[in-house]
Amino acid sequence: MTRSTMAATRVRRVSYALIGESLHGDAEGADPDTPAARVIDTLLHGAGPRP
């Protein structure tokens, strides 16, 4: 496996994990915009601390 293939695989796994946690991590009846915003913010800004 090449380095770029390994990086793409890792990004894919992290993305799927993020989406799964966002879907299953909130209580029933919670606002659906909250997990959606979490996914979009992480995809756009990464998982590091925000200023």
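Owing to the predicted nature of the structure, the values given are computational and were not obtained by experimental measurement.
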So which residues get pulled into Leu44's cluster when ILVMFWY side chains under 4.5 Å apart are joined, directly or through others?
-> Ile40

Who passes side-chain contact (heavy atoms from CB on, under 4.5 Å) against Arg12, sequence neighbours left out?
-> Thr9, Tyr16

Partner set under side chain to side chain donor-acceptor pair (under 3.5 Å) for Thr5, not counting sequence neighbours = Thr2

